[in-house]
Structures are given as structure tokens and as C-alpha cells.
Asks: 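Mind looking over this structure? Questions follow.
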Amino acid sequence: MGVPRIPYTLPFPPPKIRPSNAITLSAATAAIADFLQSRNTVLLTGAGISVESGLADYRGEKGTYRLNQKYRPIFFDEFVGNHESRKRYWARSFIGWPLMAKVQPNRTHEAVSQLWGLGLVSHVITQNVDSLHHICHPTLPTTELHGTLRDLICLTCRTPYPRTKFQQTLACLNPKWADFLKTISEAGASDNNNSLEKNIKRNPDGDVDLPGAPYTKFRYPPCPKCLEERPRGSILVDADGAHVPNRGGPTQAILKPGVIFFGESISSAAKEKAEAAVKSADGILVLGSSLATYSAWRLVRTAHQRGIGIGIVNLGGVRGEDVFFADGAQGTRVRIEFPVSDVLGGVVQELSGGFGDWDMVAKAAGSASSLGRYP
């Protein structure tokens, strides 16, 4: 069996703007406002909308795949089948989680809330795993197509487990790593500043690159429910309760982040909800996504085949837009290339009569530049 391929790491061809006069922000804003006013719209959001919150994206100008062409995320089969791969993943996630946990919604998320309040948005489908939609507008129907980092799932009993509690357990099992994390946090290196960018490369899924780190020393726990309920000795742990692989057969009680890894299928529930939302809508508006993943692209393809409106606001080219925006395509087509937050901010101001609430979400900012040593 071949090694799974990461799709479309190179940029797509530049877009053809529609309408052709939408080359100024005011014209682009007017085009999206008109698009939203005339239909029941589903939003499809990608990593590009979370950049303003301090998170990395994948394929943008400063995206992970553009700046680090050697970057390779963990694949599902690697995580499930290899104890050392799980050590590496959880070590990188342990250092990256505190930043992910404190990230706050930005102007785009706030605008989505207000558009929903205006009755212009019926559903959000997001590829993002940062939970910022849920934080900002928890009652707006939202489908997390690729899962979320805020929870874990046991691969044996399927019981969910909160990521915050898991982080505490990781700290107890790895005191030297916990000291290292405390050092870099106090130095400001866990915030979005030059120190972080130079010393620790943060990835869109919440983990970080730690060149030369001793991952093999990292420890992680099994599912506590399985450990309590399954026959004694069926789940191996060390003296401190850290997971030990079963050399004689498959390892049980593996806790996996609640996100969809490469090589893993999205959940049937998420797939069905997303498809139902698109099939009941009059239009779909793509925000901050290049549609490189099939799970997102096929939703826009469905909209195209139905002949409903398609709008895209994204910096850079998008997969399949030569087909979606081909001459003769049925339904309204709008293609904008401006920052999503600027466009949606203007749309809210226009459609709410200028009374949009645009207080920026406060962000922490670090200033120190030194990092601690790897544990």
C-alpha cells in the first residue's frame, strides 16, 4: 500500500475576480453583501479565517506548507500503529496546546455571528479544529468537518475525554517537559511574537516543531475508563500509569485527538450534516479556504451541480474554481480576493446600517526572546 499523499501543497492559479469591478474593497464588500441578501447561505470556513487570531494556515502566503516544505503531519495509521509516533505527536501537542487553548475569535468570527443575527446565514461548516466558531457563537448551527482539538476520543471504547484534563495528566507524567513549557511560557514564547516564529514553528493543528527534542522520553496515559473497566493486565501501564505498548498484539485504550488525521475518513455524522446543510441552502460562501481537501471541495461541487449561488473570499487561488466559475455556470458567482475580516466587516457595517459592534478581541502578547532548553 502506498504512502498517503498530502493534497495540493503548491499554490493554485490566481483567481479571476467576479464581478470584474470587485478589485477595490468597497466593490468587493458590496458584491458579498448583495450575495448574502438574496439567498439562504451556508458558510464554509477554512484555516485562513483563523490567521488573525494568531494561528497558522496551511497554504496561504505564510502557510505551513509554503514556509516549511518538509513539514509532514502525522497520518492516522502512524498514530494508531506506532507507540513512538504517538510519543512524538503528544510531545509536540503538549507544548502547542496552551497557545491553542487561549486563542480567541477574531473579527471574522464576530462578523459571522452578526450575519447570523441578521438572518443571512443558516449554518457554518468549518474545516478548522480550533473551536473558535463554537466559542464565538455557540448557538449558531456549526458542523466541524474535521473534528476539534478540545476533546479526545478513545479508539477502544469511543469515550470522549477533555483535552484540558489530558494536558494536566501529561504534565504529571512528564515533569521535565512541564518545566520546559513553563520556561518558554514565561519567556513569552508561547505567544505570537518574533521569539516564537524564530524558535518554535507552530502548525495549524495546534502542535509545534521541536527540532532535536527527545520525543522518545515522552509519556502519555491510556483511556482511564478502559483502564478501570477492562480486565486487569489487558492494558499495560508503567509504575506512574503511563501507557506501555502491548508487544504481543494491538495496543488498547489509545486516546486520540478528536480531529481527522490524514488517511482517516471524516465521521459519517459530520458528512451527513454538511451535505444536508448545502442541499437545503440557496448559496454557499467559502471563507479563507483553498478547498484543497476533498471533504470541503466536494461540498462546493455539490452546490455547483445544484446550480445554487457560490461565493469565495480567499487570498490566493482555490481548487476547482475554473469549473465553478466557468462561463455558463448556473447560479450567482462571486469571487473576491481580499482579507475575509475586511470584507465581512464592511458587509456587516453595510447591512446593519453602520451599527456593527467591532471591538477587537483582546490578545496577549509576549516580549521576551529567550527559550529554555529541551528537557
Side-chain angles (χ1 to χ4, degrees), residues 50 53-55 74 76 79-80 83 85-105 128-136 138 142 144 146-186 190-191 200 202-208 210 213 215 217-230 232 234-245 251-261 264 267 269-270 364 375:
S50 294
S53 291
L55 299 178
I74 193 168
F76 178 72
F79 185 89
V80 173
H83 180 54
S85 293
R86 291 193 291 274
K87 288 182 183 180
R88 179 179 181 273
Y89 177 86
W90 285 125
R92 290 156 57 105
S93 177
F94 176 71
I95 299 300
W97 172 252
L99 174 66
M100 180 64 72
K102 70 181 179 182
V103 164
Q104 293 296 311
N128 301 338
V129 297
D130 51 34
S131 296
L132 294 182
H133 281 296
H134 278 294
I135 293 171
C136 189
T142 299
E144 293 173 314
H146 298 156
T148 174
L149 285 170
R150 69 179 179 271
D151 294 318
L152 287 75
I153 188 77
C154 174
L155 296 179
T156 299
C157 70
R158 309 306 298 179
T159 300
Y161 196 70
R163 182 63 177 82
T164 50
K165 188 173 182 179
F166 185 73
Q167 183 78 0
Q168 297 169 3
T169 305
L170 291 179
C172 292
L173 290 175
N174 302 277
K176 291 184 178 180
W177 282 85
D179 290 343
F180 172 62
L181 177 57
K182 181 179 179 181
T183 298
I184 61 175
S185 297
E186 291 176 348
S190 289
D191 290 324
I200 294 183
R202 187 173 65 250
N203 299 314
D205 288 342
D207 63 334
V208 298
L210 299 171
Y215 299 123
K217 298 179 182 179
F218 199 82
R219 300 188 296 171
Y220 61 90
C223 166
K225 185 173 185 291
C226 286
L227 189 62
E228 179 181 350
E229 297 181 356
R230 292 192 171 262
R232 186 181 182 91
S234 63
I235 300 169
L236 304 181
V237 295
D238 66 16
D240 298 319
H243 217 159
V244 175
T251 301
Q252 299 186 51
I254 295 172
L255 288 169
K256 172 188 169 293
V259 300
I260 303 301
F261 284 156
E264 182 182 8
S267 74

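Only this structure's heavy atoms are used, side chains among them; waters, hydrogens and symmetry mates stay out.
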Asks: For Asp238, give me all partners under side-chain contact (heavy atoms from CB on, under 4.5 Å), at least two apart in sequence or on another chain.
Replies: Arg219, Asp240, Ala242, Val244
Asks: Between Glu144 and Val129, is any pair of side-chain heavy atoms under 4.5 Å apart?
Replies: no
Asks: Mind checking the OG1-NZ spacing from Thr156 to Lys225? Nearest 0.5 Å is all I need.
Replies: 11.0 Å
Asks: Could you check whether any side-chain N or O of Thr183 sits under 3.5 Å from a backbone N or O of Asp179, counting only pairs where one atom can act as donor and the other as acceptor?
Replies: yes
Asks: Looking at His146 versus Phe261, is the centre-to-centre ring distance below 6.0 Å?
Replies: no
Asks: Does Val80 form a side chain to side chain contact (heavy atoms under 4.5 Å, CB included) with Glu264? I'd like the steps, not just the answer.
Replies: CA-CA 11 Å; Val80 173; Glu264 182 182 8; over 6 Å; no
Asks: Return the minimal non-hydrogen interatomic distance between Gln104 and Ile135, and the atom names on each side.
Replies: OE1-CG2, 4.5 Å
Asks: Exactly one of Ile254, Leu255, Ile235 should register a side chain to side chain contact (heavy atoms under 4.5 Å, CB included) with Cys226. Which one does?
Replies: Ile235
Asks: Indicate yes or no: at least one non-hydrogen side-chain atom of Leu99 is less than 4.5 angstrom from one of Val208.
Replies: no
Asks: Work out which heavy atom in Ser53 is nearest to a heavy atom in Leu132; give both atom names and the distance.
Replies: OG-CD1, 3.7 Å
Asks: Calculate, to the nearest 0.5 Å, the distance between atoms SG and CG belonging to Cys223 and Leu155 respectively.
Replies: 9.5 Å
Asks: Could you tell me if the side chain of Met100 sits less than 4.5 Å from the side chain of Leu149, heavy atoms only?
Replies: yes
Asks: If I compare all heavy atoms of Leu227 with all of Pro222, which pair ends up nearest, and what's the gap?
Replies: CD2-CG, 4.3 Å
Asks: Please give me the minimum heavy-atom distance between Ser50 and Asp130, naming the atom from each residue.
Replies: OG-OD2, 2.6 Å
Asks: Strictly distance-based, threshold 3.5 Å: is any side-chain N or O of Arg163 a donor or acceptor partner for the main-chain N or O of Leu152?
Replies: no
Asks: Aromatic rings Tyr220 and His83: how do their planes relate, parallel, tilted or perpendicular, breaks at 30° and 60°?
Replies: tilted
Asks: Would a 4.5 Å heavy-atom cut-off, applied to side chains only, mark His134 and Arg150 as touching?
Replies: yes
Asks: So that I know where these two stand, are Phe166 and Trp90 an aromatic pair - ring centroids less than 6.0 Å apart?
Replies: yes
Asks: List the atom of Pro245, the atom of Leu236, and the distance in Å for their closest heavy-atom pair.
Replies: O-CD1, 3.8 Å
Asks: What I'd like to find out is whether the side chain of Tyr215 reaches to under 4.5 Å of the side chain of Arg92, using heavy atoms alone.
Replies: yes
Asks: Is a donor on one side and an acceptor on the other found under 3.5 Å between the side chain of Thr169 and the backbone of Lys165?
Replies: yes
Asks: For a quick test of reading the model, state the closest non-hydrogen atom pair linking Ile153 to Arg158 and the distance between them.
Replies: CD1-O, 2.9 Å
Asks: Taking the six-membered ring where the residue is Trp, are the ring centres of Trp177 and Phe94 under 6.0 Å apart?
Replies: no
Asks: Does some side-chain heavy atom of Ser93 sit less than 4.5 Å from a side-chain heavy atom of Pro257?
Replies: no
Asks: Do Val259 and Thr148 touch side chain to side chain, with heavy atoms closer than 4.5 Å?
Replies: no
Asks: I'd like to know whether Thr164 forms a side chain to side chain contact (heavy atoms under 4.5 Å, CB included) with Gln167, so could you lay out the CA-CA distance, the side-chain angles of the two residues, the decisive distance to 0.1 Å, and finally the verdict.
Replies: CA-CA 5 Å; Thr164 50; Gln167 183 78 0; 5.7 Å; no
Asks: Could you tell me the separation between the OH atom of Tyr89 and the CD1 atom of Ile74, rounded to the nearest 0.5 Å?
Replies: 7.5 Å
Asks: Report yes or no: is the cationic atom of Lys256 (NZ for Lys, CZ for Arg) under 6.0 Å from the centre of the six-membered ring of Phe76, at an angle within 45° of the ring normal?
Replies: no
Asks: Given side chains that start at C-beta, do those of Asp151 and Tyr161 come closer than 4.5 Å, heavy atoms only?
Replies: no
